[in-house]
Asker: 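Pasting a structure here, questions to come.
All heavy atoms count here, side chains included; hydrogens, waters and symmetry mates do not.
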Amino acid sequence: MNVKQPLKQRIIVAFVLMTLFVSGAFSIGIVQIVHLVEEHLVSEDMHSELEAAMDALGTGQALSLDKGKQLYTEAAPQFLPPPEFSAVTPGFSEVVLGDQAYYVYRQDRDGSAYLMVQDQREFEAREQLLFDVVLACFLGSLLIAWGLGSLLANRVMQPVALLADEVRSGARVQGAEQLAKNYADDEVGRLAEAFDSTFEQLRRSLEREKLFTGDVSHELRTPLMVIGTSCELLAQSPGLETKQQEQLGRIQRAAAEMLELVETLLMLARERGTMVEPGCGITLAQVAREQSEIWGGQFASHHIEYRSTVEAEDDRYYQPTFLRTVMSNLLRNSLHYTEEGRVDLVLFDGGFRVEDTGPGIAPEQQSRLFEPFQRGSNARGEGLGLGLSLVKRICDHQGWLVSIEPAEPRGCVFKVDLNPG
């Protein structure tokens, strides 16, 4: 039985199969027993009637045989047996002649063979009636088993289905009443207690995560704003050398990225995002221009060609923080894995692709690529392997779809579909 079938269906199937085997064995037993008993009774009846007929012939009395029976013997010319019965052995046997079947009982007396022959058509009619009745009872028992199994399955599954609906609703995560008090002290009740315990642990974990996220956000925003303001003031100072200005720019970019990351994590801790109204979000082309300005110089410093192209225009509006974080992390990932060649940011209607000419990603690593702390074997830099994990979390949060596939002749392609389905 397929364990992936619904539990209710498995109960019904098990009930019907049990009835099938039990009633089937019982029906076959009835047919066999009736057949053997009938054969024994026919044999006894024919033997006794043959004895009476032989005695009547010996005394010259008239024969009186039941309907359908015929006496044959070599001792009387008027009762000579047909040639087809000549090979019958003493005792009870069955003889089939074409489409006709006969019961034959032979007994020898005084050197002569005496045969009592009876047509089987009457017995076959009774046997066929018996078979029809047994078959009808067998099929009826299966229908009754199916109906009774369905009724019992519904009663057995009712508390399980109710518990499943309550668990699926997720209301207990929000601190609602406990599940276990609505169920008896049985297997379902103990399962409800296990869910209550798990939900309580989950609720506490969510509360700790929200508190931690809020505390981190509050504590990090102030120093990051101080760093950004200080960088702006230093940039206005006269006499800064070119090298110092470059370092100051790196500090500003890092502080901006950290501030955006804090905002991203805060938003991920909230409820699922909704569609952004026109004018309230940002378009794909705007984010692509921003990211090209940020990453174009870094690709150039590593002697990697960078291009941003548009296959089709997309005038939809998206959540700015999430879209910037996803595109930025994918471009950063390409920078870490590409030593030479080029990186392409390709925009299309409803999403974008990041294509690179790096070494590619082994097939056995692709399934784990979006898990935390997973890095490819050819990565550069000091990343922890959290960028793609964050991309996956954001896409799941927003209902976007991110995928990876190999590029030809080498490299890989990250595709983000912002309007899947």
Side-chain angles (χ1 to χ4, degrees), residues 1-50 65-70 88 91-105 116-169 179 182-192 194-195:
M1 188 183 300
N2 186 2
V3 297
K4 293 185 177 180
Q5 291 179 343
L7 182 57
K8 176 182 176 181
Q9 184 175 349
R10 279 185 278 165
I11 293 175
I12 297 174
V13 171
F15 211 89
V16 172
L17 287 178
M18 181 185 67
T19 305
L20 174 66
F21 288 119
V22 174
S23 61
F26 189 69
S27 300
I28 293 174
I30 289 177
V31 172
Q32 291 296 326
I33 291 174
V34 169
H35 179 74
L36 292 175
V37 170
E38 185 177 47
E39 186 176 287
H40 176 73
L41 293 176
V42 170
S43 174
E44 291 292 330
D45 178 66
M46 293 181 70
H47 175 260
S48 62
E49 194 159 359
L50 181 58
L65 301 178
D66 293 339
K67 181 181 178 181
K69 293 181 180 178
Q70 183 66 43
V88 174
F92 181 81
S93 60
E94 294 186 37
V95 177
V96 179
L97 302 176
D99 58 351
Q100 296 293 324
Y102 301 91
Y103 289 132
V104 180
Y105 195 93
M116 181 64 68
V117 178
Q118 184 174 2
D119 195 340
Q120 288 191 21
R121 282 178 292 186
E122 182 180 351
F123 295 102
E124 289 178 349
R126 289 202 300 263
E127 285 185 347
Q128 185 60 47
L129 178 61
L130 174 65
F131 293 158
D132 292 342
V133 171
V134 171
L135 179 60
C137 293
F138 173 71
L139 296 177
S141 66
L142 292 182
L143 291 176
I144 293 173
W146 181 83
L148 187 59
S150 300
L151 179 62
L152 293 177
N154 287 331
R155 293 182 64 86
V156 170
M157 289 300 300
Q158 183 177 4
V160 179
L162 179 60
L163 178 60
D165 291 339
E166 292 181 333
V167 171
R168 190 181 297 113
S169 68
L179 295 169
N182 297 325
Y183 298 90
D185 186 16
D186 54 9
E187 290 79 3
V188 179
R190 288 190 286 274
L191 182 60
F195 277 121

Asker: Any chance you could measure Gln118, atom CD, to Glu49, atom CD, to the nearest 0.5 Å?
Answerer: 7.5 Å
Asker: Would you say Met46 and Phe92 make side-chain contact, with heavy atoms under 4.5 Å?
Answerer: yes
Asker: Report, as yes or no, whether the 6.0 Å neighbourhood of atom CZ on Phe131 holds more than 12 heavy atoms from other residues, nucleotides or ligands.
Answerer: yes
Asker: So if I apply the side-chain contact (heavy atoms from CB on, under 4.5 Å) rule between Cys137 and each of Val134, Val133, Leu139, which one comes out positive?
Answerer: Val133
Asker: So Val117 and Tyr103, do their side chains get closer than 4.5 Å, heavy atoms only?
Answerer: no
Asker: Under the criterion side chain to side chain contact (heavy atoms under 4.5 Å, CB included), I'd like the reasoning laid out for Glu94 against Val88: C-alpha separation, chi angles, the key distance, then a yes or no.
Answerer: CA-CA 9 Å; Glu94 294 186 37; Val88 174; over 6 Å; no
Asker: What's the spacing between Ile11 CD1 and Arg155 CZ if we round to 0.5 Å?
Answerer: 13.0 Å
Asker: Quick one: list whatever passes side-chain hydrogen bond (donor to acceptor under 3.5 Å, both in side chains) with Gln70, sequence neighbours left out.
Answerer: none
Asker: Thr19: which residues meet the side-chain contact (heavy atoms from CB on, under 4.5 Å) condition with it, sequence neighbours left out?
Answerer: Phe15, Ser23, Ser141, Leu142, Ala145
Asker: Identify the heavy atoms of Ile12 and Ser150 that sit nearest to each other, and give their distance.
Answerer: CD1-OG, 3.4 Å
Asker: Measuring from atom CG of Leu143 to atom CG of Leu148, what distance do you get when rounded to the nearest 0.5 angstrom?
Answerer: 12.5 Å
Asker: Give me the atom names and distance for the closest heavy-atom approach of Ser27 to Phe138.
Answerer: OG-CB, 3.9 Å
